[in-house]
Engineer: 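Got a structure for you, questions after.
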Amino acid sequence: RALKESSDSSPFPSNFLFGTASSSYQFEGAFLSDGKGLNNWDVFTHKPGTIMDGTNGDIAVDHYHRYLEDVDLMKYIGVNSYRFSMSWARILPKGRFGKVNKAGIDYYNRLLDALLHRGIEPFVTLTHYDIPHELEERYGAWLSHEIQEDFKYYSGTCFKYFGNRVKYWITFNEPNVATICGYRTGIYPPSRCSGSFGNCSYGNSEREPLIAAHNVILSHAAAVDLYRTKYQISQGGRIGIVMNAAWFESISDSLEDKLAAERAQSFYMNWFLDPIILGKYPAEMHEILGDDLPVFSRYDLQKLKNGLDFIGVNHYTSFYVKDCIFSACEPGRGASKIEGFALQTPHRDGVLIGEPTALDWLYVHPQGMEKIVTYLKLRYNMPMFITENGFGERSNPNSSIKNELNDVKRKEYISSYLDALVTAVRKGADVRGYFVWSLLDNFEWTQGYTICFGLCHVDYASLERTPRLSAMWYKQFIYENMVSKALA
Ligand code: PNW
């Protein structure tokens with residue numbers, strides 16, 4: 001369909017999903033309300049020194065109580081889809097070792113019904129970093145194969161209660177970021193570090209990120225297997241996974257650097273997608289990690305087969321990549337063995353890959369959107385959704401509200417990335433939706449509330465929401481796209 005319509009002014013088909021994205025811990029607040037259990041992020045943010053501004057998600061933007069207002073805001077902007085995550089500990093406060101929390105089920109029922117009532121398609125993430133603390137306490141969460149049983153139980157609970165209304169399920173958000181930050185650099189819970197990197201209270205084995213990832217992959221497979229065998233035929237939904245997908249550009253034309261750019265992708269994104277889609281870890285990982293790489297049993301492989309209906313792509317930025325096998329590298333992002341000896345750097349000959357932002361990992365390089373989508377099409381040839389794309393700015397409590405709302409750079413960022421996406425779609429990539437991160441300013445993990453990603457500004461004293469220029473721009477963009485479809 002995308003190809004047939006490529007002569008239109010807009011290549012997006014009329015059923016293309018335009019939305020905004022969020023996550024439970026960053027949005028909901030209500031961290032102890034109505035029977036919710038503690039999760040890993042509740043415990044982590046309450047430890048001193050973990051979050052830059054000393055804040056936490058106890059209240060966040062109080063989406064739990066203000067979801068109706070937020071759904072109306074979405075309706076105003078004109079999106080036809082909303083990506084959000086469910087809080088595992090709100091639904092199962094003690095994982096599979098306790099009861100289902102009825103109040104949690106009720107909350108998501110209300111949210112789903114409010115969305116559907118306004119014609120907004122729910123796009124549901126099962127796990128966006130937050131998991132019941134109980135699982136960490138009992139058996140070390142992702143380091144134990146037991147988590148597969150828990151994740152299967154949790155996803156089955158969600159399919160059972162919500163599957164009649166949810167047509168798009170995502171098992172995990174960015175497990176590549178979660179395992180690297182949780183088990184290598186230690187900046188996310190459970191704050192475990194490997195090798196000499198990071199600044200944790202204890203040093204752990206180099207293998208931990210690999211073990212955690214292996215359990216994520218098998219948990220994903222268990223949930224998909226359950227969905228396929230028990231729910232999919234009657235409920236008619238699709239199930240996917242979301243990866244953080246940066247574009248890695250070789251820093252030079254040398255073969256060594258080109259291979260390093262390939263390796264960077266294999267050790268970051270294909271690490272999860274290859275096993276799930278192709279049934280094995282990338283060849284480069286086998287070569288470099290050898291026996292350290294966990295092995296899939298024949299039983300695992302059976303479950304992994306055909307384990308995905310679509311790929312969710314969180315794309316924000318690009319990096320140059322430099323080889324660290326044949327030449328020496330200073331330590332840095334990507335340079336270690338478990339990241340494939342492929343240093344990621346924003347500089348080439350003293351020139352940045354794109355305009356820098358308030359985040360040290362976010363450079364504005366819209367061409368990366370076209371390249372990553374094209375790369376994914378060639379490697380996996382599957383339907384895709386851009387599940388996150390957005391622009392972060394430092395919040396400035398002293399600036400006027402007028403200034404806060406005039407987010408020209410965010411508008412330009414989104415507009416240029418959408419242009420690059422159009423190019424990829426015209427060339428034949430099967431992209432079916434696009435979600436801006438995020439509807440509102442929110443709790444930006446270790447950066448707390450110092451960074452704003454919202455199309456709408458949030459006043460943290462009153463929790464009042466106000467659309468920014470970028471929200472008005474997105475509203476107009478969606479409207480024009482719909483009109484061009486209606487007239488076509
Ligand atoms: C994503 N990187 O995280 C998450 O899915 C969101 O929850 C988050 O708020 C959003 O992007 C903005 O940060 C990322 O290092 C974490 O490249 C790390 C990276 C990218 C995205």
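None of these values were measured; they are calculated from a predicted model. One-based numbering, in listed order, for ligands and for the atoms of each.
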Engineer: Would you call K36-D34 a salt bridge at under 4.0 Å N-O?
Structural biologist: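 Salt bridge absent between K36 and D34.
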Engineer: Which protein residues come within less than 4.0 angstrom of ligand 1, counting heavy atoms only?
Structural biologist: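 Only Q26, H128, Y129, N173, E174, V177, N244, N314, Y316, R333, W361, E388, W437, E444, W445, F453 have heavy atoms that fall under 4.0 Å of ligand 1, ordered by chain and number.
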Engineer: Is any side-chain N of the basic residue among R184 and E208 closer than 4.0 Å to the acidic one's carboxylate O?
Structural biologist: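 So R184 does not pair with E208 through a salt bridge.
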Engineer: Once ring-ring contact (aromatic ring centres under 6.0 Å, His included) is applied, do any residues pair with W142, and if so which ones, sequence neighbours excluded?
Structural biologist: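 Applying ring-ring contact (aromatic ring centres under 6.0 Å, His included) to W142 gives F172.
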Engineer: For E284, what residues pass the salt bridge (Lys or Arg N to Asp or Glu O under 4.0 Å) criterion, not counting sequence neighbours?
Structural biologist: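 Salt bridge (Lys or Arg N to Asp or Glu O under 4.0 Å) list for E284, sorted by chain: empty.
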Engineer: Could you list the residues that satisfy salt bridge (Lys or Arg N to Asp or Glu O under 4.0 Å) with R379, not counting sequence neighbours?
Structural biologist: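 By the salt bridge (Lys or Arg N to Asp or Glu O under 4.0 Å) rule, R379 matches D274.
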Engineer: Strictly below 4.0 Å, N to O, side chains only: are R468 and E404 in salt-bridge contact?
Structural biologist: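 Salt bridge: yes.
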